[in-house]
Amino acid sequence: MIHLKRFNSLLQRSESKLVYVPMSMCHKAQFHNNNLKQPKPNQTLKKYLECNNHAKVLLLFRTLLRKKPSTFNSIDSFSCLFALKACINKKHSSIQGKQLHALIMKLGYESIIQLQTSLLKVYAEGGNLFDAHQVFEEIPTKNIICWTSLISAYVGNHQPNKGLELFRLMLMNKVEPDQVVVTVALSACADTGGLEMGEWIHDFVRRKHRMKTDLCLSNALINMYAKCGDIVNARKLFDSTRNKDVTTWTSMIVGHALHGQAHEALQLFSQMNTRRDMTKSSSSNFIVCPNDVTFIGVLMACSHAGLVEEGKRHFRSMTEEYGIEPREPHFGCMVDLLCRGGHLRDAYDFIMQMPTDSNAVIWRTLLGACSLHGDLELATEVRHKLLNLDPGYVGDSVAMSNIYAGRDMWNKKIIVRNQIKQSRTPGYSSIEAGKVVGQCITSNDNI
DNA sequence: GTAGGGTTAG
C-alpha cells in the first residue's frame, strides 16, 4: 500500500502533468492529462473483466499500483471499480474489499457512489454484512440502487427477514421502488414463506403503471407464489409469461416438484426440451436449454413421486446428453430418490462412489431412511460415519432411538434417550403475523 | 467508460 503523503506528492509532480482533484469534487473525480486520452490500462482491465478473467484484473491492478511514480497515475476511479468487480464472487472478497476500501479512501474516491455500492456488494459477497451495512450508512444520499444493494446483501446472506425490514424502511423513507428492488423483496418473501407480503408487492406492481416489468420480476413472482404454497397462481403467471427463459421454466418445475406434482414438473421439462428442439431447427435466437438447477427440480420431482428409474435416467442424461456435471445438490437428490424408493444399500454405495466428499446431511438422509425402514445394521454403520462428521446432532440420536424402539431394544433406546436429554435443543416453527416470525415450542415436542 | 435483481437437495 502506498503511503498517502507519498501519493499526494506523486500527484503534484509537474512532469507528469497530472491534476489532483480534491475530495469535494470526487463525484466526478478523474485524473486528466493534457491530451485528454483515456489511460490504456483501464481498457485492458475492462477487457479482462468482460472475459471473466478476474485474476488477471487483480494482477494488472496490483502491477499498476507498484509501478514507478510516473506511471502510477494510470489508476483512477474506474480502475478501482474494475478491481472491485473482480473481487465479487471470490472467496476472500471481504479481505480484498478491505484493501481496496483503504486505497479508495487514500485516493479520495470514497464519495463516488458507484464505488460505494460496489464496495457494499464486495463485502456482502464475502459474508461481511457488518461492513456492507457500514458502507451503506456512510452514503449521504442513498438512492434506489444503494437500497437494493443492501437489501440484496441480507437476502443473499440468508437473512430475508432483515431484507424485508429494510424494504419497509425504504418505503417509509419515501424512496420509490423500482422493478429491481421488488424482485429482491419477492425473493425474500419466497425464502420466508411470506405470502401476504408477496401478494402486497404483486398488487403494488400492478398498481404502479410506471414501473417497468421484466422477465426477472415475472420469475420472482412465479417463484414467490410457488414457494409460499400458492401453486395455482404460480402456474397462472407462468402460463401467461411470454418468452420464458431457463429460470422461468426451472422455477415452475421446482415449484411443482415441491408440491409433489411430479407429473406436471416432468411434463414441463419435456415441453421445455421440445421447444428447445423446435427453436434449434428454426435457428431462433431464443433457445432455452435446461441448466444444472433445472435438473435439481427434475430429480426432486422424481424423488417425491418415487420414480426411481426415471430419476436415474435423468441423472445419467444430465452428463451424457447435456454435458452438465453433477454437483452436491444433484448427489443429494439422488440419495434422497434412492432412499425414498427403499433402495438403502444402493444409496449407501452411491454415497461411497461420489466423486465429492460426502457430508453429514447426505448421510443423515440415509439414516432417516434406515429409521423409516427399520434397517438397524445399515443405520449403525451410517451412525458411525455421522459421529465422525457431526457428532453433536441430536436428530441422529432420535433416529437411532426410534430404530431401537422398533426392534424392541428398550435398554438401548433408554441409553440413547438419556443422552438426548442432556443435549437437546428446542425446535421451532414459523408463523406469518405481519411478518414471518419464528415461534419456539417446547423441546419435548421434538422427540 | 462506472453501481442494484430472478431458479438450487436434505
Side-chain angles (χ1 to χ4, degrees), chain A residues 27-30 38-39 42-43 45-47 49-50 76-85 88 109 112-122 124 135-136 139 142-153 155-156 163 177-188 190-191 212 214-224 226-227 238 241 244-255 257-258 290-304 326-337 339-340 359-369 395:
Chain A
H27 58 284
K28 48 184 175 183
Q30 289 150 26
Q38 291 291 341
N42 276 353
Q43 310 286 352
L45 288 170
K46 200 178 176 190
K47 275 195 176 157
L49 257 186
E50 282 163 3
D76 64 7
S77 66
F78 287 98
S79 329
C80 293
L81 184 73
F82 298 143
L84 280 171
K85 280 183 157 187
I88 294 169
Y109 294 152
I112 299 178
I113 199 160
Q114 289 91 345
L115 289 181
Q116 288 168 317
T117 45
S118 291
L119 203 48
L120 194 165
K121 194 174 177 183
V122 169
V135 170
F136 174 81
I139 302 174
K142 300 166 177 64
N143 63 21
I144 184 70
I145 299 178
C146 305
W147 279 98
T148 311
S149 302
L150 185 68
I151 295 167
S152 178
V155 179
D178 65 4
Q179 81 276 17
V180 181
V181 78
V182 295
T183 302
V184 181
L186 284 167
S187 171
D191 290 346
K212 288 178 199 163
D214 57 19
L215 195 52
C216 281
L217 176 52
S218 300
N219 292 344
L221 279 166
I222 293 167
N223 181 50
M224 183 277 295
K227 294 280 164 58
F238 172 83
T241 304
K244 303 171 179 67
D245 70 359
V246 63
T247 308
T248 324
W249 288 94
T250 304
S251 301
M252 202 60 237
I253 290 170
V254 170
L258 287 172
N291 62 18
D292 58 333
V293 188
T294 318
F295 275 96
I296 293 172
V298 169
L299 295 175
M300 271 167 68
C302 294
S303 171
H304 292 180
R327 293 180 294 112
E328 208 174 282
H330 301 99
F331 294 124
C333 282
M334 283 306 288
V335 172
D336 193 43
L337 174 87
C339 286
R340 285 181 198 241
N359 60 34
V361 180
I362 281 194
W363 283 114
R364 200 158 282 139
T365 306
L366 181 52
L367 184 66

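By convention in this document, chain letters (A, B, ...) are assigned in the order of the sequence lines, proteins followed by strands, and residues within each chain are numbered from 1. All values reported here derive from a predicted model rather than from experimental measurement.
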Chemist: Out of dA3(B), dG1(B), dA9(B), which nucleotide sits closest to the side chain of I362(A)?
Modeler: dA9(B)
Chemist: Between dA9(B), dT2(B), dG10(B), which nucleotide has the shortest distance from any of its atoms to the side chain of F78(A)?
Modeler: dT2(B)
Chemist: If I compare all heavy atoms of C333(A) with all of L299(A), which pair ends up nearest, and what's the gap?
Modeler: CB-CB, 3.7 Å
Chemist: Just compare dA9(B), dG5(B), dG10(B) and give me whichever is closest to any side-chain atom of I296(A).
Modeler: dA9(B)
Chemist: Can a donor-acceptor pair under 3.5 Å be found between the side-chain atoms of T148(A) and the base atoms of dG4(B)?
Modeler: yes
Chemist: Closest to the V293(A) side chain: dT2(B), dG10(B), dT8(B)?
Modeler: dT8(B)
Chemist: What's the NZ-P distance between K142(A) and dG4(B), to the nearest Å?
Modeler: 19 Å
Chemist: Which atom names give the shortest non-hydrogen contact between F136(A) and K142(A), and what distance separates them?
Modeler: O-CE, 3.2 Å
Chemist: How many whole angstroms separate atom CD of E50(A) from atom P of dT2(B)?
Modeler: 11 Å
Chemist: Using whole Å, what does the distance between atom C1' of nucleotide dG10(B) and atom CE of M334(A) come to?
Modeler: 15 Å
Chemist: From CG of D76(A) over to C1' of dT2(B), roughly how many Å is that when rounded to an integer?
Modeler: 10 Å
Chemist: Counting any heavy atom closer than 4.0 Å, what does F331(A) reach on the DNA or RNA strands: base, sugar-phosphate only, or nothing?
Modeler: nothing
Chemist: Go through the N and O atoms of the side chain of S149(A) and the base of dG4(B), and report whether any donor-acceptor pair is under 3.5 Å.
Modeler: no
Chemist: Using a cut-off of strictly less than 4.0 Å, decide whether R327(A) has a side-chain nitrogen or oxygen near OP1 or OP2 of dA9(B).
Modeler: no
Chemist: Is the side chain of S187(A) donor-acceptor paired with the backbone N or O of T183(A) at a distance under 3.5 Å, no angle test?
Modeler: no
Chemist: Looking at every strand, decide which applies to N143(A) at a 4.0 Å heavy-atom threshold: base, sugar-phosphate, or nothing.
Modeler: base
Chemist: With sequence neighbours excluded, what pairs up with T148(A) under the side-chain contact (heavy atoms from CB on, under 4.5 Å) test?
Modeler: I144(A), V180(A), V181(A), V184(A)
Chemist: Using the ring-ring contact (aromatic ring centres under 6.0 Å, His included) criterion, which residues pair with F238(A)? Sequence neighbours excluded.
Modeler: W249(A)
Chemist: Just checking V184(A): base, sugar-phosphate only, or nothing, at a heavy-atom cut-off of under 4.0 Å?
Modeler: sugar-phosphate
Chemist: Expressed as a whole number of angstroms, how long is the span from L84(A):CG to dT2(B):C1'?
Modeler: 11 Å
Chemist: If you only use heavy atoms from C-beta on, which nucleotide in dA3(B), dG5(B), dT7(B) is closest to the side chain of S118(A)?
Modeler: dA3(B)
Chemist: Applying a 4.0 Å non-hydrogen cut-off, can you work out what Q179(A) is touching in the nucleic acid: base, sugar-phosphate, or nothing?
Modeler: base
Chemist: Among the nucleotides dG10(B), dG1(B), dA9(B), which one has an atom lying closest to any side-chain atom of H304(A)?
Modeler: dG10(B)
Chemist: Considering only dT7(B), dG4(B), dG5(B), which nucleotide approaches the side chain of N223(A) most closely?
Modeler: dT7(B)
Chemist: Counting any heavy atom closer than 4.0 Å, what does L217(A) reach on the DNA or RNA strands: base, sugar-phosphate only, or nothing?
Modeler: base
Chemist: Would you kindly give the CG-to-C1' distance between L120(A) and dG5(B), to the nearest whole Å?
Modeler: 14 Å
Chemist: Is there a donor and acceptor pair closer than 3.5 Å between the side chain of E328(A) and the base of dA9(B)?
Modeler: yes
Chemist: Starting from P on dT2(B), measure out to CD on Q116(A) and report it in whole angstrom.
Modeler: 18 Å
Chemist: What nucleotide among dG10(B), dG4(B), dT7(B) has an atom nearest to a side-chain atom of S187(A)?
Modeler: dT7(B)
Chemist: Report the nucleotide, chosen from dT2(B), dT8(B), dG10(B), that has the shortest atom-to-atom distance to any side-chain atom of K85(A).
Modeler: dT2(B)
Chemist: Examine distances only and state if a side-chain atom of H330(A) and a backbone atom of F295(A) form a donor-acceptor pair shorter than 3.5 Å.
Modeler: no
Chemist: Scan L150(A) against the nucleic acid and name what it touches under 4.0 Å (heavy atoms): base, sugar-phosphate only, or nothing.
Modeler: nothing
Chemist: Counting side-chain heavy atoms from CB outward, which of dT8(B), dT2(B), dA9(B) is closest to D336(A)?
Modeler: dA9(B)
Chemist: Please test D191(A) against V155(A) for side-chain contact (heavy atoms from CB on, under 4.5 Å), starting from the C-alpha separation and ending with a verdict.
Modeler: CA-CA 8 Å; D191(A) 290 346; V155(A) 179; 4.0 Å; yes
Chemist: Rounded to the Å, how far apart are I253(A) CD1 and dA9(B) P?
Modeler: 14 Å
